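Since the structure is predicted, the reported quantities are computational estimates derived from the model, not experimental observations. Order of listing sets the numbers, starting from 1, for every ligand and every atom in it.
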Amino acid sequence: MTVGQSLLRMMLLIRAVEERIGELVSAGEIKTPCHLSIGQEAIAAGVCAALGRQDTVWGGHRSHGHYLAKGGDLNAMMAEIFGKATGCSKGRGGSMHLIAPAQGLYGTVPLVGATVPLAVGAGLASKLRHEPHVAVAFFGDGATEEGHFHESLNLAALYRLPVLFVCENNFYSTHMALSERRLKDNIVQAAEPSGMPGLRLDGNDVLAVFDGAVQAVTRARAGEGPSLLECRTYRWRGHVGPAWDIAVGEHRRRELDEWLPKDPIMRLKRRLVDEGVSAQKLDAMAPVIRDEVEAAVAFARLSPSPDESDLLRHVYAPRRK
Ligand SMILES: Cc1ncc(C[n+]2csc(CCOP(=O)(O)OP(=O)(O)O)c2C)c(N)n1
Ligand SMILES: [Mg+2]
């Protein structure tokens, strides 16, 4: 499979998984709050394709795509979202606490921006151990308003740490538009005070994201320090849950009309076909992926719930005798 085809496959997988999750949330079968990244798949797919297994990835509340693109097991993610004991966090975390350490996905945490400094710590560990691994923090535009985002950039730049700061700028923090929160649309300039490169990328062009990530990873592995990637995109669904979010104001309805034709999946598919790849070959990916997703749903449904007697484990430290 070429890079283009595997990027397409990954985006199709993320979309199919999240569309299915959306259906199961609507049906009431999934109870955990789910933040879907439908429309934004190119960023997870493009960045993670530039990484190796031992590079670390850190995410937030909207991280199904990061988990899958980094190689996290689909069954374990689905089971986690169903709250089952076979889930990647043993059913205790739900959609917003995904983890796959063997694949380098060290954690997704719903406190906005919380994992940005953790990625800096992973970059520092890598440098102190003289290992070639890079650390990637995925976060939204909202996270750039947290003070520790700027502190993290400064420290990573000062110590020339191998870190990629990947901002998925979807122009909203819950229902508040970027223009209501910042005087200027200039997140990429946050790189300047610390002297690191800032790349503004079309976050719906997976090949552009991949190229930008390769550039930043190459720089990081060469000991030249971190980069900030601002990937501009748009979330199609609501902040949380599967609704289309068009009832939250005329603004979003108009914007969605502008962004739907920029669908990262359609764009890549068109490009591959233009380059001579057979459309039938690409269309054949969808049913295989659908079966994979259904198998994961079946696995989650059949998995046991966590045992009640286990409920307080990991909550309190064991009493010292
Ligand atoms: C520290 C903190 N403040 C507020 C919240 C509530 N909250 C959850 S998601 C979110 C919006 C985050 O927006 P952004 O970072 O742009 O990510 P997006 O949801 O757009 O992917 C907010 C404010 C939180 N989880 N953590
Ligand atoms: Mg946002």
So what's ligand 1 close to, N/O to N/O, under 3.5 Å?
residue, atom, partner, partner atom, Å
ligand 1, 13 (O), Ser173, OG, 3.3
ligand 1, 15 (O), Gly142, N, 3.1
ligand 1, 15 (O), Ala143, N, 3.3
ligand 1, 16 (O), Asp141, N, 3.2
ligand 1, 16 (O), Asp141, OD1, 2.9
ligand 1, 16 (O), Gly142, N, 2.8
ligand 1, 16 (O), Tyr172, O, 3.0
ligand 1, 19 (O), His61, NE2, 2.8
ligand 1, 19 (O), Arg62, NH2, 2.8
ligand 1, 20 (O), Asn170, OD1, 3.0
ligand 1, 20 (O), Asn170, ND2, 2.8
ligand 1, 20 (O), Tyr172, O, 2.9
ligand 1, 21 (O), Arg62, NE, 2.8
ligand 1, 25 (N), Pro110, O, 3.0
ligand 1, 26 (N), Val112, N, 3.0

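- Nearest approach of Ser194 to Asn154, heavy atoms of both residues: CB-CA, 4.0 Å.
- Side-chain atoms of Arg182 and Ile187, non-hydrogen and from C-beta on, do get closer than 4.5 Å to each other.
- For Asp141, the N/O/S atom at the shortest distance from the Mg ion (ligand 2) is named OD1.
- Between Trp259 and Arg235, every side-chain heavy-atom pair lies at or beyond the 4.5 Å cut-off.
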Could you walk me through whether Glu255 and Tyr172 pass side chain to side chain contact (heavy atoms under 4.5 Å, CB included), step by step?
CA-CA 12 Å; Glu255 288 171 348; Tyr172 280 86; 2.8 Å; yes

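- Side-chain contact between Met78 and Phe299 is absent, with no heavy atoms from C-beta onward closer than 4.5 Å.
- When side chains are defined from C-beta on, Val17 counts as touching Met77, because their heavy atoms get closer than 4.5 Å.
- Looking at every heavy atom in both residues, Gly59 comes nearest to Ser63 through CA-OG, 3.4 Å.
- Rounded to 10°, the angle formed at the Mg ion (ligand 2) by Asn170 OD1 and Tyr172 O is 90°.
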